[in-house]
Every structure is written in structure tokens, then in C-alpha cells.
Enquirer: 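Have a look at this one before I ask anything.
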There are 2 protein chains.
Amino acid sequence: MKTKIGDVAKLAGVSPTTVSRVLNNRGYISKETRENVHKAMRELNYFPNDLARSLFNKRTNLIGVIFPTTSNPFYGELIFHLENICAEQGYKVLLCNSLNSIEKEEKYVEMLLRNQVDGIIVGTHNHGIIDYHKQNLAVVAVDRYLSETIPIVSCDNYDGGRKATELLVSKQCEYIIHINGQSDIETPAQQLRRKAYEDVLHECGKKPITYEVPQTFDPKSQDEIIQRILDEHPHVDGVFASNDLFAASFIREAKRRGKKIPEDVKVVGYDGTETAQTLLPELTTIQQPIHSIAQTTVDMLLKGISGEFHNIKSETKLPVTLIEGETT
Amino acid sequence: MKTKIGDVAKLAGVSPTTVSRVLNNRGYISKETRENVHKAMRELNYFPNDLARSLFNKRTNLIGVIFPTTSNPFYGELIFHLENICAEQGYKVLLCNSLNSIEKEEKYVEMLLRNQVDGIIVGTHNHGIIDYHKQNLAVVAVDRYLSETIPIVSCDNYDGGRKATELLVSKQCEYIIHINGQSDIETPAQQLRRKAYEDVLHECGKKPITYEVPQTFDPKSQDEIIQRILDEHPHVDGVFASNDLFAASFIREAKRRGKKIPEDVKVVGYDGTETAQTLLPELTTIQQPIHSIAQTTVDMLLKGISGEFHNIKSETKLPVTLIEGETT
DNA sequence: CTGAAAGCGCTTACAG
DNA sequence: CTGAAAGCGCTTACAG
């Protein structure tokens, strides 16, 4: 049997009330009693049951974190920071990999609700699911517009898209193609990058061409699209990919077809994760400040939990950085 | 206020007991009553409070997952699969990124204990912390030997080390260096790879040289070691790195110094994550079956939770695969 | 087939 | 400074 507060009380010769008080540092307790209780707790190797405490307090210090998958280095790194920052503040993270499946997301949200999380951080589509159930629940979205009342933390996607495209233009690329995630009304993140790409191309009288990769995390369909790009546009000489993995896949296939990077085709990626920078350091990319995103997100969420925002429309836009490598 | 079982009962015109029974599908309930209750639940958008249920049941369906960091693609992918498999089976994952800090690990373990997790999956050193507190707690270790009584799931590290080193030898490398994580009594995973490397070199009369990279996840100290390797052994012509990130860093620096890969130096990595295979597809590596590791680990843990193993020494060794790329 | 009572492990007014 | 009582939201014997 696990030891409980009564066991400690008995051993220390006090009431459970008193043990609870030393546990919570509440009210006056004589030094002697406090020490006795502490001794008893140590002796019995006692750990309070947070379930019982939370049930009473209506506060779990639990945060739900929903993203497509920790397998993707951008999310892997973001979630690392999110969890780490939460832990520092005494919050615990319930991890949900939804793989962009609406069905899974719904199940996860229900699970989080049942577990009485204090707040949720979402980085997936979430077609209004959360808003509907929103009941004293703090929610912050990362790079997604979930609803009018949910604060959002994102990077300057339009600026990122411009920086990437303008670099290609300035390097004399004539035939610039954009590889994007599947378009989706709920994720203007991608759309803003695309919009910027299109704006820049229009400004220099070029025709934008965008290919969309389904967000299914299936490497096959990704490869297929890349084959198609190179089949249909053998003269492509510039590519702006909306994440570093797409960029890497493109480079791979272009090289296989005998194209030299950057001489024949220049490539810019997006995200600039530590992992991608280590594995493919030569890649030119738009780097997102992952740590800042995490910090800002947790800050917002904790404010939300302590009731500091109330249906205020809020959007935080963090700056991105162009990292020039050797693929441009 | 959140709606609770009493609210549902009132609306459905029954007692809380009855609502609980339809919730748990327990005992006989008339069809009509069941339907009324369901209707009331829907109407009130009711979700049972899992805290209260768990408190009574002494079962949380919570699994603690402790690894160094989701930022590392191997752990990112492993944790993705672990979480996904857990979710399928109705378990929820509490994520802990311990960064190999013993202090953090201890805090996390205590946190998990307080939260009454049903089991823990550990992939970090854990100097006996868990075993000490082991109290009805199922624990499975991934690639770490924690104690005699904790089952372990790992890959055949010795075979991986042999395969990697033998490949280099068969490709006529004369001067083969091994880059390993920091040695540590509790992590024979790394040591087995190293042992295999040393055995193979001894077998062909060569002198093994191993460099250790501190497991601090600090890119600087990693770069430093790699500089040192190339400074101290300018004639190195073969490298076996115990993970793909080390391999990538080495390749980067070797190229910077004008060495051609694989002509001048051949490199074999380790892990073979999807991410590394996408970003650095030309890397020769020893691939670990991440999905199988996750599946086996969860299977073991669930058996442990249902009391199916009792201090039985158990080790599962999964096979690794050599993936020949273009760096050898 | 259904309900009243007791209890899961804790905490907080309320007394003293 | 300390304790007995009630209650957090649920579940399960036990009656009926």
C-alpha cells in the first residue's frame, strides 16, 4: 500500500489536518510539530497524492499540448522547450500527437477535458472543437487561427516568405517554384508564406507556381510531388520550400537528376531547426525562433490560466531570420 | 461551473449511482433509463472527471515517459510512437525531458509518483532512483540498465557496432576512429557499440581510438571534440559515430578541411531516424527499428501494469539494419 | 432494475 | 497552535 496522509499523521502523533498544513505551509505550526511531521514523511517515503489535491483544489497544473508529431524536428524542438518551461513553473505536460487527424484531435481534447487540464497549447487545425468546449479553459494556439477568442503566437510568416523569395530573385533565379503544405483555411501560416512568395513574384513580373504536399506525414506522397515538380518544370532554378524537410527532399532528387545546387537550382527552406542545421548545415533557410515561440506561448497560457485575458483578441508575431547557407 | 454527475442525474431524473452505472456499463439498466441518461449527458455536454474516477479506482491510465529530449530526432520519433501506441490503448502520456540531468530526473520521478502514474518508460541514466521508490509501479527501460528487476528493451548494440566497423574495414579504411557519447556505467548501450568497434579493430590488428562527446546537448562541446579529432588525427580515413548527428557534424568539418567523403574519409552513423534519412539521405548508418522499440516497450509496460511480470529479469534485443548510403 | 451510504486521499473553513 | 467535520466528483458494495 502506498503511504497516505493518515499514516504520516499517526507516526508523527498528530492529525491529518496538521500534516496537510505542513505540506501546504499554511497556518501556524510549532517548529517541533513541523519537524516531527517532516521526519515521519521521510521515514515513510511519503509523496502526497496529487489526484486528491487537484480534486479538491480544482487545479491540476496539467497542460495539454497538441501538435501533429514530435517526429517532426520543428515540433520536437518546440515541444521540448514548451515542456521544459512548463516544468520550471510547476506545470506538467500531457502530450498529444494528433498527426493532423481531426478525429484524433477530438479524442485528445476530450481526454484533456476529462483530465481537468488547466490549459491547452494547440498547434493543429482544430476546427472549432476547443472553442466549443471552452469552459474555464485557457487555450493558446501556435501558428493557427482557431477562433477570435483564442490568442495566437506565431512568427512573421509573410516576412519569412518575402525574405526567402526575394533572396532567390536577387540571385537571378528566373523560374521559382514554391513547395507548401496542403492549403487549409485554418492555417494561414502556410498561406501567408505563399502569399508573400506570390507577391514578390508578381512584383517582378513572374508567374508563381505552388505545389502542395499533403500533411499526412507520408514520405511517399512527398516524394511523388517532388518528382512531379521536376518532371513538369525541368527548368526550375529556384525553390522556396515551406519546411526544411521538403527542401532536403527536393535537393536530393534534383541532385539525382544531375542538377547542381546552387549552380543549377537554388533552394531555400523554412524552420531552421537545430536538427536540420546539424544534419544539413549548408541549407539556406528561414529560421524561426523556437525558444521564443515556446516562451511566449507558455507566458500567454499562464496568464490565461490566472484569468488575465478574457476573450481579448491577441496575436504575437515573432521575427524570423534568414540564414544564408550554400544552397543559394 | 463544470457539469458533474449530479447535474446529469437531476436532468435525467435518476440517481448519480445510475448515471455512474451507464457511464461504466456496469450492472443492469433499463434501456429507457440508459437513453435518458445519455440524452442528459449530451445536453449538458458532460465529461466525467477522470481525477475523481482515478482517485477511487487507484488507476490513472497515466504513463510517465522520461527521455533526454524530444529535440533529438531519435527520441522525438520514439516518443511519437510511444505516445501513439499508448493512446490507442487508452493510456495518456506525461512527458519529461530530463536532458540527462540527474537532478531533473529525480524531480520528474517524484512528480510522476505524485500523479499516481500506472507506469514509467525511462530512457535515461536514473541512478537507482526509480527502483528505490518502486511501489506497485511498472517500469520499463529503453536501452538502459537500471536495475536487475527492471525489464529492458534495446537494440543489438554490439551487432550494430560490429556492422558499422566491419563495413569500414571491408572498405579498406586503415585509420578508424569512433565517436561515442560520454561513457557511463549505467548506459552499456554506448559501451556495447564501442566494445564491438574495439573488438573488430583488435581482430585486424588496429588500434582503437574513441572520442567521447559529453551528453549535454551543447553543440559547442560537440564541435570542439570534432575539431580535436581532425587536429590530432589528420590521417583518419574512417569514422564510426554513435549517432547520426555526430556523423553529420564530422562530415561537415571534414569537408571544410578539404576532405572528400567517402574518398578520403568514410563515415557511418547510428540511429537512422526518418528525419536524418530525409535531411542527410546519403549517410551510411545503422538503423534502429524505432517503431518496434516503441511497440515492445509499451507491450512490456502494459504487462507490468497488469501484474504479469514480477521482478523477472528480462531483456529484449531488437535487430538493427545497416543502411548503405554514399558516405562509405 | 435502482438508490442511499460510505469512501478514494486530500484540504479548508470552523472551533477550540 | 491543533483537530473533527465536511466535501472535491466519482464508484462500488449493499439493500431493496
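Convention: sequence-line order gives letters A, B, ...; per-chain numbering from 1. Every heavy atom of this structure was used, including side-chain atoms; hydrogens, water molecules and symmetry mates were not.
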Enquirer: Look at the rings of His291(B) and His81(B) and say which category their plane angle falls in: under 30° parallel, 30 to 60° tilted, over 60° perpendicular.
Expert: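 The rings of His291(B) and His81(B) stand perpendicular, inter-plane angle above 60°.
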
Enquirer: Between the protein and nucleotides 10-12 of chain C, list every N/O to N/O distance that falls short of 3.5 Å.
Expert:
{"unit_1": "dC10(C)", "atom_1": "OP1", "unit_2": "Tyr46(A)", "atom_2": "OH", "d": "2.6"}
{"unit_1": "dC10(C)", "atom_1": "OP1", "unit_2": "Asn49(A)", "atom_2": "N", "d": "3.1"}
{"unit_1": "dC10(C)", "atom_1": "OP2", "unit_2": "Ile5(A)", "atom_2": "N", "d": "2.4"}
{"unit_1": "dT11(C)", "atom_1": "OP1", "unit_2": "Asn24(A)", "atom_2": "OD1", "d": "3.3"}
{"unit_1": "dT11(C)", "atom_1": "OP1", "unit_2": "Asn24(A)", "atom_2": "ND2", "d": "3.0"}
{"unit_1": "dT11(C)", "atom_1": "OP1", "unit_2": "Arg53(A)", "atom_2": "NE", "d": "2.6"}
{"unit_1": "dT11(C)", "atom_1": "OP1", "unit_2": "Arg53(A)", "atom_2": "NH2", "d": "3.0"}
{"unit_1": "dT11(C)", "atom_1": "OP2", "unit_2": "Ser20(A)", "atom_2": "OG", "d": "2.7"}

Enquirer: Give the rounded distance in Å between these two atoms: CG of Asn115(B) and P of dG9(C).
Expert: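 Whole-Å distance recorded here is 16 Å.
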
Enquirer: Under 3.5 Å, side chain of Asn97(B) to main-chain N/O of Asn84(A), donor-acceptor pair present?
Expert: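 No; zero donor-acceptor contacts below 3.5 Å.
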
Enquirer: Check this one for me: any side-chain N or O of Thr18(B) less than 4.0 Å away from OP1 or OP2 of dG3(C)?
Expert: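 Yes, because at least one side-chain N or O of Thr18(B) sits under 4.0 Å from OP1 or OP2 of dG3(C).
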
Enquirer: Rounded at 0.5 Å granularity, tell me how far CD1 in Ile63(A) sits from CG in Leu112(A).
Expert: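 Going from CD1 on Ile63(A) over to CG on Leu112(A), the span is 10.0 Å.
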
Enquirer: Looking only at the side chain of Thr33(B) (C-beta and beyond, no hydrogens), which of the listed nucleotides dG9(C), dC1(C), dA4(D) gets closest?
Expert: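 Ranking dG9(C), dC1(C), dA4(D) by closest atom to the Thr33(B) side chain puts dC1(C) first.
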
Enquirer: Does any donor atom in the side chain of Glu77(B) or Ser71(A) lie under 3.5 Å from an acceptor atom in the other side chain?
Expert: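 No donor-acceptor contact under 3.5 Å links the two side chains.
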
Enquirer: Expressed in angstrom and rounded to an integer, what is the separation of Lys58(A) atom NZ from dG7(D) atom P?
Expert: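 Computing the Lys58(A):NZ to dG7(D):P distance gives 13 Å.
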
Enquirer: Can you tell me how far apart CD (Glu106(B)) and CD (Glu103(B)) are? Round to the nearest 0.5 Å.
Expert: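 Reported to 0.5 Å precision, the distance equals 8.0 Å.
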
Enquirer: When you check the side-chain N and O atoms of Ser20(B) and Thr17(B), is any donor under 3.5 Å from an acceptor?
Expert: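 On atom types as modelled, these side chains do not qualify, holding no pair under 3.5 Å.
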
Enquirer: Between Arg34(A) and Asn36(A), is any side-chain donor less than 3.5 angstrom from a side-chain acceptor?
Expert: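 Arg34(A) vs Asn36(A): no donor-acceptor pair found between side chains.
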
Enquirer: Hey, are Ser101(A) and Ser98(A) close enough side-chain-wise for a donor-acceptor pair under 3.5 Å?
Expert: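 Ser98(A) vs Ser101(A): no donor-acceptor pair found between side chains.
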
Enquirer: Stem list for DNA chain C, please, built from Watson-Crick and G-U wobble pairs under 3.5 Å and keeping only runs of at least 3.
Expert: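 The stems that DNA chain C takes part in, listed by first number, are C:1-3 with D:14-16, C:5-12 with D:5-12, C:14-16 with D:1-3.
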
Enquirer: What is the distance, to the nearest angstrom, from the CG atom on Asp7(A) to the P atom on dC8(C)?
Expert: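 The distance from CG of Asp7(A) to P of dC8(C) comes to 12 Å, rounded to the nearest Å.
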
Enquirer: Check this for me: does any side-chain nitrogen of one of Glu110(A) and Arg114(A) sit under 4.0 Å from a carboxylate oxygen of the other?
Expert: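 Result for this pair is yes, salt bridge flagged.
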
Enquirer: Give the rounded distance in Å between these two atoms: CG of Leu55(B) and C1' of dG7(C).
Expert: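 Between C1' of dG7(C) and CG of Leu55(B): 9 Å.
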
Enquirer: Taking OP1 and OP2 of dC8(D), is either one under 4.0 Å from a side-chain nitrogen or oxygen of Ser54(A)?
Expert: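 No, outside the criterion.
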
Enquirer: Hey, is the side chain of Lys2(B) poking within less than 4.0 Å of OP1 or OP2 on dC8(D), counting only N and O atoms?
Expert: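 Answer is no, no contact under 4.0 Å.
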
